[in-house]
Each structure stands twice: as C-alpha cells, then as structure tokens.
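Whatever order the structure lists ligands and atoms in, that order sets their numbers, starting from 1.
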Amino acid sequence: MSMVSKYIWMNGELVEFEKATLHFLTPVAHYGLGAFEGIRCYATERGPAVFRLQEHMERLVHSAMVLGFRSLPFSAAQLSEAARLTVSANGFSECYIRPLIYLTDGGWNLNIDNGKPGVGIAVWEWDNYLGPEALEKGVRANISSFTRHHPNIMLTKAKIAGNYVNSTLAKTESVRLGFDEAIMLDPQGYVAECTGENIFVVRGGTIYTPSTMAILEGITRDTIITLARDMGFPVVEQPISRDQLYLADEVFVCGTAAECIGLREIDFRVIGEGKTGAVTRSLQSAFHDVVRGKHNRSQVWLDYVNTSLDVDVRPRAIVPR
Ligand SMILES: Cc1ncc(COP(=O)(O)O)c(C=O)c1O
C-alpha cells in the first residue's frame with residue numbers, strides 16, 4: 001500500500017507530502033491523545049465523490065469533544081471542505097481520507113487543557129483492506145483473546161487514537177494465528193465488533209447486530225441498516241452470543257476501510273455455505289451502487305469533490321457541538 005500523495009492539509013493549508021511532519025515531542029505520539037476519521041472518496045460519473053462526508057466530520061468533532069478538547073480551530077463544515085480541497089489538490093479519483101485532530105504544544109502532565117489541538121487531513125489510494133478475494137470468498141476470523149473496551153475505560157463511541165492499541169493487539173494476534181480478522185467480545189462476553197468493522201448476523205431472513213452500547217457507531221453500519229430495511233429485511237439490534245455466530249446463515253462485517261465483507265469461517269467453524277452469502281451479496285451490491293452514485297440514496301450521501309468550495313477553511317475558534 002502506498003500512502004504517498006502530493007499534499008497533506010495541515011492546520012489550514014496544503015503542505016507538500018514530505019513537509020507534513022510532527023515533532024518527536026508531540027504528545028499524541030506518546031499518549032495516543034488524538035481523534036481520527038476514516039472516510040472514502042469514490043469515482044462516479046460526476047467525478048470523485050466523498051461518502052457521508054459531513055457525518056464523518058461531525059463524528060470527528062464529537063470524538064474530539066469526548067476525548068476532552070473544549071474548543072477546536074475548525075468546524076465540521078470547514079473540515080468537510082478541507083477534505084474536498086485535499087482530494088482535489090491530489091487529483092485522486094478514488095481514495096481514502098484520514099483526518100486527525102491531535103494534542104500538541106503541551107499536556108505532558110496528562111491534562112489535555114494544557115495542550116492545543118492540531119488538525120491534519122491526508123489522502124491516499126487504498127483498496128481491498130481485507131484482501132482482493134475477500135469480496136466474493138469472504139474472510140476467516142476468530143474470537144479474540146482481548147476484550148473490547150468497556151465505555152468507562154475507553155470511550156468506544158469516539159474514534160480516539162489510543163483506542164486502537166486494543167484493536168492492534170487483537171488484529172496482530174489473529175493474523176499471527178492465521179486468521180484475517182478478530183471478533184471482539186464486550187466486557188459482558190457478548191459480541192461487540194471487529195478491530196475496524198461492525199458485525200452483523202443473518203439468520204432466517206432477519207439481520208441482527210449488537211446495539212451501540214460498547215461499539216463505534218459505524219457510518220457504514222448505519223448505511224447497511226438503512227439499505228437492508230429499504231430492501232425489506234428486518235434489522236434487529238440485540239445482544240449476540242458467540243455461539244449465535246456459529247449458527248448463523250451468514251455473518252458479515254462492515255466499515256469504511258473494509259466496506260462490506262462476509263465471514264466464511266469463525267473459530268474454525270464454517271459459517272453458512274462457507275462463502276459470501278446471498279443476503280451479504282445483495283447488500284454489497286446496493287452499497288457499491290450507493291457509493292458510486294447509482295442508487296436513489298446516493299444524492300443525499302455523496303459530496304462531489306469538483307463543486308466549488310462554499311465554506312472558508314481558514315482556522316478560527318470553534319466550540320465542539
Ligand atoms: C472499531 C471500529 N468499529 C467500527 C468501524 C466502522 O465504522 P465506519 O463504518 O464509520 O467506518 C470502525 C472504522 O472506522 C472501527 O474502527
């Protein structure tokens with residue numbers, strides 16, 4: 001994977017890729033005190049378009065607020081325009097967009113109020129997060145030996161950089177064991193989510209997914225629930241046990257990076273027919289259409305990059321919310 005681009009947007013301006021650096025003594029690198037987003041931009045007939053951009057930037061601002069920042073230099077609307085500007089300046093037709101709000105200039109005594117938020121947005125070309133064959137064949141997962149955070153320990157609703165130590169422990173262990181992805185249980189022992197995706201179970205034509213109690217409220221999760229209900233599938237949010245995964249007709253995961261991918265095997269047990277199931281395939285297809293401007297919901301969910309910027313992206317003090 002190449003993460004190279006021409007420019008990275010940092011604190012109000014486009015900076016050449018090589019010059020977009022942070023000092024060794026930036027607190028985010030030591031304590032994980034940052035909030036980030038993962039967003040995708042897709043090629044459409046009307047040029048590149050960013051999927052649910054404003055909602056991602058609102059979640060970023062909310063994550064920063066949950067982390068404890070009391071004011072930010074940019075609003076969600078400004079960050080959305082900055083993201084479009086960054087994609088356009090780099091000339092990508094499809095790319096991943098990675099904004100980060102990070103603690104800088106202080107906070108060494110573990111008080112976030114003694115530092116300041118810095119903001120950057122990088123873009124790079126990134127496809128097939130779970131591998132090129134994942135879409136059709138599905139992938140193999142196991143239940144991680146690591147538990148997902150309790151919300152009183154780390155705030156799962158916020159995409160906080162430090163939260164991803166937990167994801168990295170789980171993912172690394174699963175990949176070393178020969179699996180593609182890790183499924184994490186919540187502190188009560190019920191299925192929570194994967195390291196970078198939310199999880200769904202299909203049984204008897206109904207789609208089940210854990211409630212948002214101990215998970216990241218995925219924007220792809222919301223997209224899949226909406227598309228599934230449009231297609232007439234009942235979707236139920238309820239606790240899911242480990243053995244309910246084993247007995248499912250289909251299990252799939254979804255997230256911005258991975259998109260929508262079936263799990264063909266969990267803990268060495270074959271799920272359904274051992275490949276991407278029919279319900280998962282129909283959702284993959286609707287998802288593919290919606291992100292590429294070919295679905296009746298595309299208009300609301302896509303922000304086209306090549307339309308003029310209508311918000312000033314220069315810094316100013318913004319109080320989150
Ligand atoms: C832990 C976790 N759960 C779920 C998701 C899916 O969220 P989204 O669909 O908004 O990308 C992600 C990815 O951002 C994640 O990191």
Side-chain angles (χ1 to χ4, degrees), residues 32 34-42 50-64 66-67 76 79-80 83 95-101 122 126-130 134 139 141 143-144 146-151 153-174 181-187 190-200 209-228 235 237 240 251-261 263 283-284 286-288 290-291 297 301 303:
F36 70 97
E37 264 308 315
I39 311 170
R40 273 194 189 270
C41 172
Y42 291 93
V50 185
F51 188 61
R52 302 189 73 169
L53 174 59
Q54 180 70 19
E55 285 146 293
H56 276 284
M57 290 306 189
E58 279 166 10
R59 187 171 69 182
L60 177 65
V61 168
H62 290 165
S63 293
V66 168
L67 178 56
L79 292 169
S80 298
C95 60
Y96 182 80
I97 304 171
R98 166 54 59 85
L100 171 70
I101 297 178
W126 196 12
D127 54 18
N128 299 327
Y129 177 75
L130 287 173
V139 298
I143 305 288
S144 181
F146 293 99
T147 301
R148 194 64 180 145
H149 301 295
H150 187 283
I153 298 173
M154 294 291 266
L155 299 315
T156 64
K157 300 287 167 299
K159 254 180 111 63
I160 293 171
N163 286 4
Y164 285 79
V165 173
N166 179 247
S167 286
T168 305
L169 289 169
K171 178 84 177 200
T172 305
E173 178 189 60
S174 290
E181 186 50 281
I183 300 168
M184 307 197 70
L185 304 181
D186 67 22
Y190 294 104
V191 174
E193 60 184 337
C194 293
T195 58
E197 303 90 23
N198 294 119
I199 188 162
F200 289 81
T209 196
S211 82
T212 57
M213 199 73 78
I215 62 169
L216 183 76
E217 295 177 331
I219 291 170
T220 319
R221 175 186 183 275
D222 179 73
T223 304
I224 291 292
I225 291 174
T226 307
L227 294 175
V235 182
E237 295 182 51
I240 294 174
V251 178
F252 65 88
V253 298
C254 73
T256 297
E259 301 180 315
C260 181
I261 296 294
L263 299 189
L283 289 166
Q284 282 175 338
F287 184 78
H288 179 276
V290 83
V291 297
R297 290 199 181 263
W301 281 341
D303 261 300

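For ligand 1 and Asn198, the ligand atoms under 4.0 Å from any heavy atom of the residue are 4 (C), 6 (C). The contact set between ligand 1 and Arg148, taken as ligand atoms under 4.0 Å from a residue heavy atom, comprises 1 (C).
Partners of Tyr42 according to the ring pair (Phe, Tyr, Trp, His ring centres under 6.0 Å) rule, which considers only residues two or more places apart in sequence or in another chain, do not exist here. For Met154, the side-chain contact (heavy atoms from CB on, under 4.5 Å) partners two or more places apart in sequence, or in a different chain, are His149, Asn163.
Contacts between His149 and ligand 1 below 4.0 angstrom, taking non-hydrogen atoms only, are absent altogether. Residue contacts with ligand 1 for Glu197 involve N, CA, C or O but no side-chain atom from C-beta outward (heavy atoms, distance under 4.0 Å). The residue Asn163 has no part lying near ligand 1, judged by heavy-atom distances below 4.0 Å.
Closest to atom 12 (C) of ligand 1 among all protein heavy atoms lies Gly196 O, 3.2 Å. Counting protein heavy atoms only, atom 16 (O) of ligand 1 is closest to Tyr164 OH, 2.5 Å. Distance from atom 3 (N) of ligand 1 to its nearest protein heavy atom, with residue and atom name: Glu193 OE1, 2.7 Å. Counting only heavy atoms of the protein, atom 9 (O) of ligand 1 lies nearest to Thr220 OG1, 2.5 Å. Atom 14 (O) of ligand 1 has as its closest protein heavy atom Lys159 NZ, 2.6 Å. Among all protein heavy atoms, the one lying closest to atom 11 (O) of ligand 1 is Thr256 OG1, 2.6 Å.
For the residue pair Arg148 and Thr156, no side-chain donor N or O sits within less than 3.5 Å of a side-chain acceptor on the partner. Using a 3.5 Å distance cut-off with no hydrogens or angles, the side chains of Thr195 and Glu181 do pair a donor with an acceptor.
To the nearest 0.5 Å, the span separating OG on Ser63 from NZ on Lys157 amounts to 11.0 Å. The structure places CD1 of Ile199 at 4.5 Å from SG of Cys194, a figure rounded to the nearest 0.5 Å.
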Full working for side chain to side chain donor-acceptor pair (under 3.5 Å) between Ser80 and Gln54: CA-CA 6 Å; Ser80 298; Gln54 180 70 19; 3.1 Å; yes
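When all heavy atoms of Leu169 and Phe146 are compared, the closest pair comes out as O-CE1, 3.5 Å.
The main-chain N or O of Leu216 is never found under 3.5 Å from a side-chain atom of Lys159 such that the two would form a donor-acceptor pair.
Here the two rings, on Phe36 and Tyr164, have centers that are under 6.0 Å apart.
Not a single heavy atom of Glu217 lies less than 4.0 angstrom from ligand 1. Within the 4.0 Å heavy-atom shell around ligand 1 one finds Thr195.
Looking at Ser167, Gly218, Cys254 and measuring to atom 7 (O) of ligand 1, the nearest heavy atom belongs to Gly218.
Some N or O of Ile219 is nearer than 3.5 Å to an N or O of ligand 1, by distance alone.
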